[in-house]
Amino acid sequence: MEKIAVLTSGGDAPGMNAALRAVVHQAAMHEVQVIGISHGYEGLLNREFAPLDLSSVDDIIQRGGTILRSARSERFKSEAGQEQAVANLREAGIEGLVVIGGEGSYRGAQALAERGIATVGVPGTIDNDIPGTDYTIGFDSAVNTVVEAMNKIRDTATAHERTFVVETMGRKSGQIALTAGLAGGAESILIPEVPYNLDNVCQRLKWSAARGKVHSIILVAEGVASGYTIAQEVKKRTGFDTRVTVLGHLQRGGAPTAFDRILASRLGAQAVESLLEGGSALAMSYVKDEVLAVPFREVFAGKKQINRSLYDLAAILAI
Ligand code: ATP
């Protein structure tokens, strides 16, 4: 291969830039040219192509977001859209493509691979919801952002003897809420994967109050319920002064953690190696500190589970 391309797709995640940097450096080592495609699959359809050289990726390892911008593209999901995408890549002489994004982006990458474009995926999403990899790029940064916010909220919760409901991202996945809740000492963690009982949550708050702890944080993943709904119910059932913080897009921004930078660098570099070895329809994955290339089909057949022992531990530590 002499020319490959790279794009970022779906929700942005801290560390996407570090992955881009690794793609460009690894390709440069093999004297392979890299084309950056802006705005994900939408930009692929609009031929938003520009060469990326080493100087294009200077000074980005520490930056959140993505210098290529990200987007979602409905047009690309259609047969006609995918045919157009393949034609645009062929016309530009692009022989391989690295897609940095979440599982939806992987499905797009699989479609391109089936149409004859060698395509590999790098897991870039804060949700950590992609099967086959222990971690996705951006998750650790998002968790640290939530923990930092919890530290601040706990100060005011303590000062005013209040209960706080903190809503995190995670429509289908409770990975962020669970991990941040454990690290931040949440009194209760509500996630989509585990049914919850609000009476139990309230009972725990009352026990805590009875032993003199008059501040609490309930962490709720957005997929469970709105933080406001939970807060209203808690206030009704306990009478405690209950406030809400919705962290929202705060969780996507900011500099990536060292863990995410290293993860992104390793996975981005491996993506280029996989393409140059003739691989396609492969997802770069991080398993037990090793970087592997896992077929997209295996990823799609899997289901990312939460680590139930972390959930149980969090419950013990919160008492
Ligand atoms: P995040 O986890 O951050 O939401 P994601 O990659 O899962 O990231 P999606 O919006 O699901 O985000 O997908 C990104 C883009 O990938 C879509 O806008 C669409 O262009 C493409 N895509 C998603 N699903 C498919 C599919 N089944 N077939 C082809 N393309 C798809």
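Predicted, not measured: the structure shown is a model, and the values here were computed from it. Whatever order the structure lists ligands and atoms in, that order sets their numbers, starting from 1.
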- Looking at Ser73, which atoms of ligand 1 are within less than 4.0 Å of one of its heavy atoms? 17 (C), 18 (O), 19 (C), 20 (O)

- Between the side chains of His30 and Glu273, is a donor N or O closer than 3.5 angstrom to an acceptor N or O? yes

- Residue portion contacting ligand 1 (non-hydrogen atoms closer than 4.0 Å) for Ala111: neither

- Numbered in order shown, the ligand 1 atoms found under 4.0 Å of a heavy atom of Gly11 are 1 (P), 3 (O), 8 (O)

- Message: Assess whether a salt bridge exists between Glu91 and Arg47, defined as any Lys/Arg side-chain N lying under 4.0 Å from an Asp/Glu carboxylate O.
- Response: yes

- ligand 1 atoms nearer than 4.0 angstrom to some heavy atom of Gln82 are 29 (C)

- Message: Does any N or O of ligand 1 fall below 3.5 Å from an N or O anywhere on Asp129, backbone included?
- Response: no

- Scan side-chain atoms only and decide if Gln270 and Ser274 contain a donor-acceptor pair under the 3.5 Å cut-off. yes

- Query: Atoms of ligand 1 less than 4.0 Å from Tyr41 heavy atoms?
  - Reply: 16 (O), 20 (O), 21 (C)

- Is Arg252 close to ligand 1, meaning an N/O of one under 3.5 Å from an N/O of the other? no

- Task: Please could you name the atoms of ligand 1 that Arg107 approaches to less than 4.0 Å, counting only its heavy atoms?
- Result: 25 (C), 26 (C), 27 (N)

- Message: For atom 2 (O) of ligand 1, what's the nearest protein heavy-atom neighbour? Residue, atom name and distance, please.
- Response: Thr125 OG1, 3.2 Å

- Query: Okay, side chain of Arg266, backbone of Asp289: is any donor-acceptor separation there less than 3.5 Å?
  - Reply: yes

- Message: Keeping Gln82 on the side-chain end and Phe76 on the backbone end, is there a donor-acceptor pair under 3.5 Å?
- Response: yes

- What protein heavy atom sits nearest atom 22 (N) of ligand 1, and how far away is it? Gly104 O, 3.2 Å

- Item | Sidechain-backbone polar pair: Ser70 side chain, Gly10 backbone, donor-acceptor under 3.5 Å | yes

- Asp129/Lys304 under salt bridge (Lys or Arg N to Asp or Glu O under 4.0 Å): CA gap, chis, key distance, verdict: CA-CA 6 Å; Asp129 59 351; Lys304 182 87 175 182; over 6 Å; no

- Item | Distance-only side-chain donor-acceptor flag, Ser56 / Asp53, under 3.5 Å | yes

- Task: Decide whether an N or O pair under 3.5 Å exists between Gly102 and ligand 1.
- Result: yes

- Write out the residue and atom name of the closest protein heavy atom to atom 15 (C) of ligand 1, then the distance separating them to 0.1 Å. Ser9 OG, 3.6 Å

- Report, in ascending order of atom number, the atoms of ligand 1 lying under 4.0 Å from any heavy atom of Gly108. 29 (C), 30 (N), 31 (C)

- Task: Determine, for Lys288 against Asp134, whether the closest basic-nitrogen to carboxylate-oxygen distance falls under 4.0 angstrom.
- Result: no

- Does any N or O in the side chain of Ser280 come within less than 3.5 Å of the main-chain N or O of Thr119, such that one atom is a donor and the other an acceptor? yes

- Task: For Ser141 and Asp260, test the side chains for any donor-to-acceptor distance below 3.5 angstrom and give the result as yes or no.
- Result: yes

- Message: Under 4.0 Å, heavy-atom basis, I'd like to know which part of Glu103 is in contact with ligand 1: side chain, backbone, both or neither.
- Response: backbone

- For Ala71, is at least one N or O under 3.5 Å away from an N or O on ligand 1? no

- Message: Could you identify the single nearest non-hydrogen protein atom to atom 6 (O) of ligand 1 and state the distance to 0.1 Å?
- Response: Ser105 OG, 2.5 Å

- Message: Considering non-hydrogen atoms of the protein only, which is the closest contact for atom 4 (O) of ligand 1, and what is the distance?
- Response: Arg72 NH1, 3.1 Å

